[in-house]
Structure formats: C-alpha cells, structure tokens
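Accompanying notes for the structure given below.
To find a chain, count down the sequence lines: A is the first, B the second, and so on, and within it residues start at 1. Just so you know, these numbers come straight off a predicted model, no measurement behind them.
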Amino acid sequence: MLDLRWVRDNLDVVQEALGKRDVRVDLARFRELDGERRRLISEVERLKSRRNTVSGEIAKLKKTGEPVEDQIKAMRELGDEIRKLDMRLTEIEEELGQLMLDIPNIPDESVPVGPDESANVVVRTWSEAPKFDFEPKPHWDLGIDLGILDFERAAKIARTRFVLYWELGARLERSLLNFMLDLHTAKHGYTEVFPPILVNDASLTGTGQLPKFAEDLFKVENENLYLIPTAEVPVTNIHRDEILGDDDLPRYYCAYTPCFRSEAGAYGKETRGLIRHHQFNKVELVKFVHPDNSYAELERLTADAESILQALNIHYRVIVLATGDLGFSSAKTYDIEVWLPGFGGYKEISSCSNFEDFQARRANIRFRETPKAKPRFVHTLNGSGLAIGRTVAAVLENYQQADGTVLVPEALRPYLGGVKRIGPVRF
RNA sequence: GGAGAGAUGGCCGAGCCGGUCGAAGGCGCUCGCCUGCUAAGCGAGUAGGGGAUUACAAAUUCCCUCGAGGGUUCGAAUCCCUCUCUCUCCGCCA
C-alpha cells in the first residue's frame with residue numbers, strides 16, 4: 001500500500017506508474033473520496049470537540065447541583081448528528097481503503113519499461129552451459145529412470161502436481177535445504193527461523209497476497225487459516241505492528257518452509273517434472289532494512305541467492321523484470337534463472353524483490369532513527385535462496401552422465417554422506 | 001474439548017459503584033544539576049495514529065486509540081454483547 005498523502009500529492013506519478021504496469025485504477029474517484037474524507041473529518045471533529053467541552057460542563061454543573069436538562073437535550077441531538085457523519089465517514093474510508101489496496105507499488109526508475117516479460121532485461125550470466133556428447137535428458141526422465149522421483153504414486157496419494165521422492169532423491173532434497181541454510185547463516189549473516197506454515201488473513205494482507213490473490217492460496221476448511229505460498233508471509237509478519245530501534249536494522253532472516261500454491265489457471269502449463277507443484281520446499285531470505293539502503297541490500301540479497309548456484313557450479317543468468325512483469329507489491333525484482341539442459345531452457349529459481357515501504361505500510365512495520373524520532377516505515381526485501389525442487393531439477397539435468405547416472409556436486413557430498421554419484425534405485 | 005481468571009503506556013502495575021483519565025505509582029530510558037570517577041541523590045521529559053493551520057518544517061490546536069469490533073449514555077478504561085489472545089486446573093495427546 002502506498003502512503004495516502006503521498007498519492008494525493010503525486011497523482012501524476014501514480015498515473016504514470018499505473019500506465020507502465022498496464023493497470024487501471026480510478027484515480028478521479030480517489031480524488032473525490034480523499035477530499036470528501038477530509039471535509040467530513042473536519043466537520044465531525046468540530047462537533048466532537050463541542051460535545052467534549054459541554055460534557056465536561058455538565059459534570060461540573062451536576063456537582064454544584066445546577067440543572068443540566070437543556071444541555072443534555074442539546075447533546076443528544078448533537079450525538080445523533082455525529083453518529084450520522086461518522087457512518088458516512090466510515091463508508092468513505094472503506095471505499096478509499098479498498099482503492100488504495102488496489103494500487104500496486106511504483107516501479108523503481110531503474111526498472112525497464114515494457115508490457116510483459118518480453119521486455120525483461122538480462123543483467124548478467126554466470127559460467128556457461130555444460131556441453132554434453134549425448135542428448136541430455138529432462139529431469140523427470142532422469143528421476144523416473146533412477147527411481148528417485150515418483151510422480152504416479154504422488155498423484156495417487158494426493159493428486160497431480162505433487163512428487164514422492166525416494167531414497168537418494170529424498171536425501172538430495174534434504175541435503176540441498178540444509179546446504180542452503182548453512183551457507184546463508186554461516187557466510188551471509190542471516191538468522192535462521194522456522195515459522196508457522198499456516199497463517200491468518202492479517203498476515204497475508206500484510207505481505208500483499210490478500211485481498212487480491214486469494215484464489216492462489218489453499219485455505220483450511222472451517223478455519224480462518226491458509227497454507228503459506230512462501231515463507232515471505234510468516235517471516236515478514238514477524239515484525240508486523242512493531243516499532244524497531246535503529247540498531248535493530250538491518251535484520252536478515254532465512255527460513256526453510258514447505259510452500260503451497262493452488263496454481264489455479266496454470267493447468268496445461270509445465271505439467272511435467274518438478275517445476276510447478278502444489279507443494280514445494282523453499283529456503284527464503286527476508287530483510288528488514290533502513291530505507292536509504294534498500295537498493296544496495298537488494299543487490300546483496302540477489303548475490304546471496306546466486307552464491308548457492310555458484311557453489312553448486314551451475315550456469316544461470318539474472319534478469320531484471322520489466323514494469324509489466326513486476327509483482328504487485330514489488331518496486332524492483334531480479335529473477336535468477338537456472339539453466340536446465342534437458343528441459344532446454346532457463347527456468348526461474350529465485351525471485352529477489354525490494355518492496356520499499358509497500359509491505360511495511362500494510363503490515364505496519366516501523367523503526368525509529370533515534371530513540372525520540374517519529375517512527376518511519378522500514379523497507380522489506382525478500383528472495384528465494386533457493387527453490388529446492390527446481391534446484392534438484394537443475395542438479396539432475398546439469399550433472400547427468402551418459403549412462404543415466406548423476407554426479408553429486410562437490411559442495412553437496414558432505415550432506416549426502418559422501419555419496420559421489422546417484423545411481424539407479426528400485427523399490 | 002470442560003471449568004475458571006485475565007488482556008491498561010518500553011516494562012511492572014493502579015483505576016473498573018461512569019464525569020478534566022491518555023490514564024496514579026514504580027522501573028527503565030533521555031536531557032540537565034550535583035559528584036575526583038562510578039553509584040546514590042535532585043529536577044525535567046518520555047505512547048501511537050489522524051485532521052486543521054503551515055512550506056507534507058517548527059510551533060499551535062483538535063479528534064481518535066486503555067486486546068478487537070459493536071451497543072447503552074449528554075459523557076465509558078470503567079456498564080452490556082460478540083470475537084481474539086493469554087494464564088491456571090482437568091481431559092487428550094507428539
């Protein structure tokens with residue numbers, strides 16, 4: 001959510017940003033509601049002020065035993081009027097609030113302008129795609145042939161878009177998330193947390209999934225709780241409604257959680273393999289930072305996520321999302337796309353965003369620069385570091401051998417009990 | 001799941017037979033005084049949000065907020081209703 005006063009004073013900037021994103025919001029209506037709201041506030045507060053003074057007088061008169069019937073009668077009428085105006089004000093504020101929730105974040109100036117993903121820009125690539133003297137297989141063929149990925153039984157147990165990992169497959173998944181958590185906590189200064197994976201709607205509103213994107217979520221029946229689509233939700237909400245001290249910033253958190261997405265509307269897309277599932281594991285990085293530093297922090301956050309692929313020695317590229325492809329709450333986003341030789345292309349494995357104060361305002365996360373200063377909103381950032389399932393896919397496809405086995409990346413071997421190669425298993 | 005108790009400012013804690021209570025007192029913190037340094041002592045200050053005026057500054061002023069929402073009343077932290085959360089005991093379990 002943007003700042004009401006800021007929007008009022010910068011309607012042209014908002015209009016331009018909406019245009020860049022190709023989003024439509026009724027700003028004329030905004031102007032109307034905003035003006036009406038302020039008029040009503042002045043009016044109703046004038047009346048309340050009067051009521052307060054007269055009520056005080058009534059108290060005094062009663063003490064001295066003087067008659068107060070006239071005052072009480074007048075105040076009764078005044079009370080009715082106040083009630084009417086308050087109701088009208090509530091209506092206006094509700095509509096205005098709804099309108100404010102529909103306005104997406106303003107893209108940063110450095111974000112390329114374009115209608116969709118075709119306008120995204122590659123900012124760097126790391127290493128090179130491996131050369132194979134055979135036809136590299138997609139990870140689902142590799143995984144099925146090796147007996148470590150079992151999609152059929154997963155569909156029987158749950159439904160399609162789930163996976164059952166067997167043996168070294170399960171171990172690979174577990175080793176990757178441990179490896180990532182260890183690296184981020186030991187080398188990059190993140191504090192590990194393990195949050196609830198069911199959250200309430202206040203948390204989802206705080207990070208921007210609600211009210212607009214409810215259909216992407218799994219909701220628990222008969223409970224006001226949702227399965228998290230990403231650890232961003234519980235971890236960012238750790239500090240909801242808090243005022244941090246200046247020395248509390250920056251705060252870096254990393255968390256492993258399963259993630260759940262309904263993927264409504266995604267049927268027919270990427271139905272094979274590990275790419276797009278209803279349940280997947282992810283290690284998430286979340287930062288709370290001083291507003292002056294957030295863009296430098298975004299670069300570092302992205303570099304932290306990249307370091308995982310570097311340690312695994314897997315080719316990738318980093319792109320900056322164009323205005324039309326940018327997430328609703330984000331001011332700037334880098335996607336890290338990993339090379340999948342069997343799949344035959346790059347696939348997003350991490351998305352690193354600076355939300356500036358957009359989430360902080362919704363979630364009411366503030367800090368004081370000095371002990372007496374007025375609270376200001378922090379800037380929040382987050383990024384995957386990384387999506388585990390897609391990393392498994394990347395390891396399988398990039399490290400596959402001509403005989404259908406898969407070498408284990410050096411960095412991962414200690415986590416797999418020294419196993420150097422994943423060969424076929426049968427159960 | 002059953003029975004009971006409670007939710008007040010950074011923390012502790014009064015107020016709860018309705019009337020200058022945004023809130024006593026203490027602790028903590030900030031500034032000043034005092035002191036060879038420290039401690040102690042003395043004085044002052046110390047919630048958040050939203051309006052108006054204004055330069056979206058300072059200053060001034062007003063309104064709202066005592067878990068959340070609603071109600072009663074001229075007036076509610078104080079009375080009534082609903083919800084959420086916390087604690088204690090019992091049951092159940094990992």
Side-chain angles (χ1 to χ4, degrees), chain A residues 1-14 30-97 99-100 106 194-206 220 222-226 234 237-249 291 356-357 360-378:
Chain A
M1 185 159 58
L2 298 171
D3 180 48
L4 180 69
R5 215 174 304 185
W6 185 88
V7 172
R8 177 189 307 151
D9 295 340
N10 295 278
L11 270 179
D12 49 334
V13 179
V14 176
F30 169 87
R31 202 196 302 261
E32 243 173 74
L33 290 167
D34 179 56
E36 180 68 4
R37 169 175 173 270
R38 284 189 293 164
R39 269 192 297 282
L40 277 168
I41 285 174
S42 296
E43 174 72 7
V44 81
E45 287 190 349
R46 215 189 73 238
L47 299 180
K48 282 179 178 173
S49 173
R50 177 128 170 279
R51 179 176 69 183
N52 288 344
T53 34
V54 175
S55 286
E57 284 164 15
I58 291 174
K60 276 184 202 147
L61 291 174
K62 270 200 154 177
K63 268 195 187 125
T64 60
E66 291 179 53
V68 292
E69 296 313 312
D70 291 350
Q71 282 90 336
I72 288 183
K73 185 158 174 269
M75 285 308 99
R76 194 171 294 151
E77 282 163 20
L78 188 62
D80 287 343
E81 195 168 344
I82 288 172
R83 209 185 317 273
K84 260 185 240 158
L85 289 177
D86 263 339
M87 275 168 59
R88 175 112 182 82
L89 185 59
T90 305
E91 279 171 27
I92 301 249
E93 291 196 325
E94 255 165 37
E95 191 181 341
L96 188 61
L99 209 58
M100 290 298 291
I106 307 293
F194 190 68
I197 59 177
L198 288 173
V199 296
N200 56 35
D201 47 16
S203 293
L204 287 159
T205 305
V220 180
N222 299 326
E223 295 282 344
N224 198 18
L225 290 169
Y226 301 79
N237 277 283
I238 287 174
H239 294 301
R240 171 153 54 86
D241 293 323
E242 289 186 14
I243 301 176
L244 303 171
D246 188 45
D247 51 1
D248 286 326
L249 299 179
E356 299 191 356
D357 61 6
R361 185 171 293 106
R362 283 178 166 236
N364 196 28
I365 307 167
R366 293 171 295 171
F367 76 106
R368 285 183 215 274
E369 273 183 306
T370 60
K372 291 192 148 189
K374 268 192 78 166
R376 294 179 63 187
F377 290 110
V378 303

Answer yes or no: does a side-chain N or O of [X] lie under 4.0 Å from OP1 or OP2 of [N]?
| X | N | answer |
| --- | --- | --- |
| N52(A) | G75(B) | no |
| R76(A) | G75(B) | no |
| R366(A) | G49(B) | yes |

Worked verdict on Y226(A) versus L198(A) for side-chain contact (heavy atoms from CB on, under 4.5 Å):
CA-CA 5 Å; Y226(A) 301 79; L198(A) 288 173; over 6 Å; no
Sugar-phosphate, base or nothing in reach of [X], heavy atoms under 4.0 Å:
| X | value |
| --- | --- |
| R46(A) | nothing |
| R50(A) | nothing |
| K60(A) | nothing |
| I58(A) | base |

Let me know the distance between [atom1] of [X] and [atom2] of [N], rounded to the nearest Å.
| X | N | atom1 | atom2 | value |
| --- | --- | --- | --- | --- |
| E69(A) | G75(B) | CD | P | 14 Å |
| R51(A) | U73(B) | CZ | C1' | 10 Å |
| I243(A) | G10(B) | CD1 | P | 8 Å |
| L4(A) | C56(B) | CG | P | 15 Å |
| M87(A) | G71(B) | CE | C1' | 14 Å |
| R240(A) | G48(B) | CZ | C1' | 17 Å |
| N224(A) | A68(B) | CG | C1' | 14 Å |
| L40(A) | A52(B) | CG | P | 12 Å |

Please report the distance separating the [atom1] of [N] from the corresponding atom of [M], rounded so that it comes out in whole Å.
| N | M | atom1 | result |
| --- | --- | --- | --- |
| G69(B) | A59(B) | P | 30 Å |
| A40(B) | C31(B) | P | 16 Å |
| G4(B) | C12(B) | P | 27 Å |
| C85(B) | C37(B) | C1' | 49 Å |
| C56(B) | U72(B) | C1' | 41 Å |
| U84(B) | G13(B) | P | 26 Å |
| G10(B) | A47(B) | P | 9 Å |
| A14(B) | G70(B) | C1' | 28 Å |

With a 3.5 Å limit on both atom pairs, tell me what [N] is paired to, counting Watson-Crick and G-U wobble, or say none.
| N | value |
| --- | --- |
| A58(B) | none |
| C74(B) | G19(B) |
| A44(B) | U30(B) |
| G69(B) | C81(B) |
| A5(B) | U86(B) |

When R83(A), K73(A), R50(A) are each screened for side-chain contact (heavy atoms from CB on, under 4.5 Å) with L78(A), the one that passes is R50(A)
Using the side-chain contact (heavy atoms from CB on, under 4.5 Å) definition, which of the options I106(A), D357(A), N10(A) pairs with L2(A)?
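Only one of I106(A), D357(A), N10(A) forms a side-chain contact (heavy atoms from CB on, under 4.5 Å) with L2(A), namely I106(A).
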By nearest-nucleotide position on RNA chain B, the 5'-leaning member of I72(A) and S42(A) is S42(A)
Judged by nearest nucleotide, the residue sitting upstream toward the 5' end of RNA chain B, R83(A) or V44(A), is V44(A)
Which nucleotide in the list G50(B), C64(B), G19(B) gets nearest to the side chain of A59(A)?
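Nearest to the side chain of A59(A) among the choices is G19(B).
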Exercise. The side chain of R37(A) lies closest to which of these nucleotides: G51(B), G48(B), C64(B)?
Worked result: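 Among G51(B), G48(B), C64(B), the one nearest the side chain of R37(A) is G51(B).
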Legend entry - NZ/NE/NH1/NH2 to OD/OE distance under 4.0 Å, D80(A) and R76(A): no
- Query: Taking everything shown except R88(A) itself, do over 12 heavy atoms lie less than 6.0 Å from its CZ?
  - Reply: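 No, CZ of R88(A) has 12 or fewer neighbouring heavy atoms, counting only those of other groups under 6.0 Å.
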Tightest non-hydrogen contact, residues N237(A) and A202(A), listed as OD1-O, 4.3 Å
N364(A) side chain to D241(A) side chain, donor-acceptor N/O pair below 3.5 angstrom: yes
